[in-house]
Protein chains: 2
Amino acid sequence: MIIATRLIVLMLLISIAQSATMAQRRKTVVDLIVSGGTVVTMDGARRVMDDGAIAIKAGRIEAIGRASEIGQKYAAREVVNATGKVVVPGLINGHTHVPMTLFRGLADDLDLQEWLTKYIFPAEAKNVTEEFVRVGTRLGLAEMLRGGTTTYCDMYYFEDAIADETSKAGMRAVLGETVIDFPVADNKTNAEAMTYVESFVKKWQGNALIVPAIAPHAPYTVSEEHLKAVRAFSDRTGAPIVTHISETKREVDDSIKAKGASPIDYLNRIGFLNNRVVAAHVVWPTEEELVLLKKLGVGIVHNPQSNMKLASGVAPVPEMLKEDLPVGLGTDGAASNNDLNLWEEMDTAAKLHKLISKDPKVVNAEEAFEMATIRGARALHLEKEIGSIEKGKRADLVIVDLDDLNQTPYYNIYSDLVYATKAADVRTVIVEGRVIMRDRLLLTLNEGTIKADARRYRERIIRSLGAGTLPE
Amino acid sequence: MIIATRLIVLMLLISIAQSATMAQRRKTVVDLIVSGGTVVTMDGARRVMDDGAIAIKAGRIEAIGRASEIGQKYAAREVVNATGKVVVPGLINGHTHVPMTLFRGLADDLDLQEWLTKYIFPAEAKNVTEEFVRVGTRLGLAEMLRGGTTTYCDMYYFEDAIADETSKAGMRAVLGETVIDFPVADNKTNAEAMTYVESFVKKWQGNALIVPAIAPHAPYTVSEEHLKAVRAFSDRTGAPIVTHISETKREVDDSIKAKGASPIDYLNRIGFLNNRVVAAHVVWPTEEELVLLKKLGVGIVHNPQSNMKLASGVAPVPEMLKEDLPVGLGTDGAASNNDLNLWEEMDTAAKLHKLISKDPKVVNAEEAFEMATIRGARALHLEKEIGSIEKGKRADLVIVDLDDLNQTPYYNIYSDLVYATKAADVRTVIVEGRVIMRDRLLLTLNEGTIKADARRYRERIIRSLGAGTLPE
């Protein structure tokens, strides 16, 4: 009798195990599941899903749903528990000069001309090498990842080295190699620069993480002939064009004086603008120029903190949003900010435009968050790939605390994210389906080495400028 | 021979131990020494001392010097090692409504009138009790301490409970009990309010941490008669007066219409203003009014983020600094900011005024840091007690990381503190010579309980306003 009972129990157990295995077999196997937590999708319907989950396969989002549904349908090699936290699309820093982190705080509170000619340009001339660029890039990548930025758009020198460091760190970027009409660190002539860009774009095009681009510095530092060549290069290769447009009133006035047209008018006249251009700043456009930029599909990147610190002016962002222009947010370089923190840019953007418009309703929290995610993706012409949590998109996800003291209590998810969340509240970062920061530990970058390298460069930079020349 | 050698060694050891003990005996015994680190004193000479140390006794600073000097002269029961970090005066949040942390993000991006009448006032009417105030205060104290704020100036209801919570947490505050011409949570009539204030001030005056104050809400919500009574109360007791002045253009226009004078003119005419008044905002003063405020010694608190978010305008801070007015920085309540983070206020103040003045040199990093420390102390009329690290002052000190990624590399201490340091970089907080946060762990407040209490109030507040009434 006892033996019979034992036998029945054993058979039952085997049967249960078999059906469990079969259920497991019926499940689709994916690489990673992020489960639990409030998922802020930023999709067209702006769905916010409590207790959601995301299945990820081969770097892309395979499915989104309730945690229980996803758990029934999918099995994963790796599960990240996001319970009690919020899962958002990776933030997009639309404009920076990442190696300039090494000049962070080198010389602040100065006139633009003094700042550039007395400190930044000499510091660059004396220090920027490929190794400098690698060290500064690693520092900037580490800072951005710890703040939940998964994609950034850059303009600097030695972009091939930046691409190498960025892809090694597993981060995503649009990287624009600078073209400018004077000798710079990596290329001494326009011909050299165009040769560099040619091989740079060829090397990186098709890479899952890196979008190589060409970056004519600005309409006042690159000749019409060279701008037209940049455009022809972009047309031929499909590479995006990253540039600065209409950052200061002086730039506009000078352009009108020299060329009889504002920077935007002039660039349009020479056929430079199109839907592969990413224009940083656009602080001083006219209403007609906004209509034109929209028609042409030019991406715009708003850098509120940099524009404030350098006293450049205020971009007409409420108007841009009203007309649904593709405008994202950027930090600009760390020399003019002084950090690479998109949470502060969102907060500042939302507050600044209320003040300037004298209307506390403009640039609401959801709109500010949009600018750092899906609208920022549109600014970089990458809205089909990133910027929201949707099936088929690249799996760039950020898991953020929702109960730090500065976030407590929480009533509205967008208010919480934009006005109360800090970079330090970011816990885990996933890019292209790969966890690259887990519970604030960077997995692809060594913080200690990065800091030691940066301190070494600091000494070198101070020496290069001569003792006692730095502002107190 | 061996025994003799041993004896000699033993005697030598005893002799060394004796002289060490004697040296120890010759040292002055203090309670606490903070040793190592870069000390940013904010004293008159703006001394910044590398490898500095501070000896603390009975809540006050006994001595400041090189770590080696202090180590030779003083022995302490407790030593805090600040090596590799920066030691700054505790930050001063010059204006807030601390229990309003419980309304953080309740209703954002609205017109001021709609925000107040549809959400904040009903939420207050239905929820503010002494218990609410205690819970909200603990939440705000915890947030402020974790961000390195050691002193705050408050205006709310049940300030006696706020004083109780603040002193229990070991934090410093100027606490103004509200006087307003309509029934509020704690007092239903002016007579009740004046009675409350009378016993509140009597109870707390002379406390080492708490400065009790009277807080007439604003010149447009308190009658002339009641304002004069407030002034008489302050004259009789020496209690400071905390109030809002000239926050919006509308307030100024209404005042001119109703009283034939701007708020500042009107308050001066009725003899209300003096060097015990702390005026929040002062966004819309004329040049003559600034001269007047200076002459009278009125303290001013600038709240850049709140003024931006509510589209109130921009206070003429560069002019205030030029005339050396006592102007500090405040966060305002968390319902209109949405945090209690002075690092962001410093950063915003420095950037905002550059933009508005079209001059990137105004409100430099040192001046912004001043506003959060020694100039903020002047705004609260406490410059003899706090705001700088000087012999004889209260020992309110904050130890901050200097090598977080966002601070790397570092060239200038004030740039680093204002433009690159975050609240999360604060490690240790000392108030009145007592360590109340050690290596980010709060020693006098229980974070878990605070969060649980806040979440409970959140549910209650949502219910009180009726389901579905909150903005999405």
Side-chain angles (χ1 to χ4, degrees), chain A residues 101-102 104-112 115 139 142-143 146 305 307-311 313-314 337-341 344 347-348 350-352 354-355 357-361 364-365 403 405-406 408-412 415-416 419-420 422-424 447 450-451 454-455 457-458 462 470-472, chain B residues 101-102 104-112 115 139 142-143 146 305 307-311 313-314 337-341 344 347-348 350-352 354-355 357-361 364-365 403 405-406 408-412 415-416 419-420 422-424 447 450-451 454-455 457-458 462 470-472:
Chain A
T101 42
L102 290 175
R104 186 201 311 275
L106 174 67
D108 288 315
D109 306 321
L110 297 170
D111 266 331
L112 192 62
W115 178 67
L139 174 60
E143 183 187 353
R146 280 177 66 85
Q305 292 207 345
N307 295 162
M308 290 168 78
K309 185 153 175 273
L310 301 176
V314 182
N337 188 319
N338 297 349
D339 53 44
L340 307 178
N341 185 324
E344 292 189 4
D347 184 52
T348 301
K351 287 170 178 162
L352 174 62
K354 290 171 172 56
L355 175 77
S357 309
K358 299 187 179 67
D359 180 355
K361 298 188 301 303
N364 64 36
D403 73 339
L405 283 166
N406 48 273
T408 302
Y410 123 76
Y411 293 94
N412 174 293
S415 279
D416 187 87
Y419 296 124
K422 313 294 166 195
E447 262 194 68
I450 286 170
K451 287 179 188 173
R455 280 192 289 265
Y457 264 100
R458 169 187 184 269
I462 292 172
L470 287 189
E472 289 256 312
Chain B
T101 42
L102 291 175
R104 185 200 311 275
L106 174 68
D108 287 315
D109 305 321
L110 297 169
D111 265 331
L112 191 63
W115 177 67
L139 174 60
E143 183 187 354
R146 280 177 67 84
Q305 293 207 344
N307 294 162
M308 289 169 79
K309 184 153 175 273
L310 301 175
V314 182
N337 188 320
N338 297 348
D339 53 44
L340 307 177
N341 185 325
E344 293 189 3
D347 184 52
T348 301
K351 287 170 178 161
L352 174 63
K354 290 171 171 60
L355 175 77
S357 310
K358 300 188 178 65
D359 180 356
K361 297 188 301 304
N364 64 37
D403 73 338
L405 283 167
N406 47 275
T408 302
Y410 123 76
Y411 293 94
N412 174 294
S415 279
D416 187 87
Y419 296 124
K422 312 295 165 195
E447 262 194 69
I450 286 171
K451 288 179 187 173
R455 280 192 289 265
Y457 264 99
R458 169 187 183 269
I462 291 173
L470 287 189
E472 289 251 315

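A quick note: this is a predicted structure, and the numbers were derived from the prediction, not measured. Chain identifiers are assigned alphabetically (A, B, ...) following the order of the sequence lines, protein sequences preceding nucleic acid strands; residue numbering begins at 1 within each chain.
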How many angstroms lie between CD in B/Gln305 and CG in A/Asp347, if you round to the nearest 0.5 Å? 5.0 Å

Closest non-hydrogen contact found for A/Tyr411 with B/Leu102 is OH-O, 2.6 Å

Under 4.5 Å from a heavy atom of chain A, the part of B/Asn406 involved: both

Kindly indicate whether the side chain of A/Lys422, heavy atoms from C-beta on, has any atom under 4.5 Å from the side chain of B/Asn341. yes

Looking at B/Ala142, B/Ala424, B/Ala420, which makes the most heavy-atom pairs under 4.5 Å with chain A? B/Ala142

Which residue out of A/Ser415, A/Ala423, A/Pro409 racks up the most heavy-atom pairs below 4.5 Å with chain B? A/Pro409

Among B/Asp109, B/Asp108, B/Asn337, B/Asp339, which residue satisfies the side chain to side chain donor-acceptor pair (under 3.5 Å) criterion with A/Tyr419? B/Asp109

Contact class of B/Leu112 relative to chain A, heavy atoms under 4.5 angstrom: backbone

Examine whether an atom of B/Arg104 lies under 4.5 Å from a heavy atom of chain A, and if so say whether it belongs to the side chain, the backbone or both; otherwise answer neither. both

Name the option with the most non-hydrogen atom pairs under 4.5 Å to chain B; the candidates are A/Asn338, A/Val314, A/Leu352. A/Asn338

Would you name the heavy atoms of A/Met308 and B/Lys354 that are closest together and state the gap between them? O-CB, 3.4 Å

B/Leu139, B/Thr101, B/Asp359, B/Thr408: which one forms the most heavy-atom pairs within less than 4.5 Å of chain A? B/Thr408

Note: vs chain B, highest number of non-hydrogen pairs under 4.5 angstrom among A/Glu447, A/Arg455, A/Arg146 is A/Glu447

Give the member of B/Leu340, B/Leu310, B/Asp111 that has the highest number of heavy-atom pairs under 4.5 Å with chain A. B/Asp111

With chain A as the partner, which of B/Asn307, B/Ile450, B/Asp416, B/Asp403 has the greatest number of non-hydrogen pairs under 4.5 Å? B/Asp403

Considering only heavy atoms, which portion of B/Lys361 lies under 4.5 Å from any heavy atom of chain A: side chain, backbone, both, or neither? both

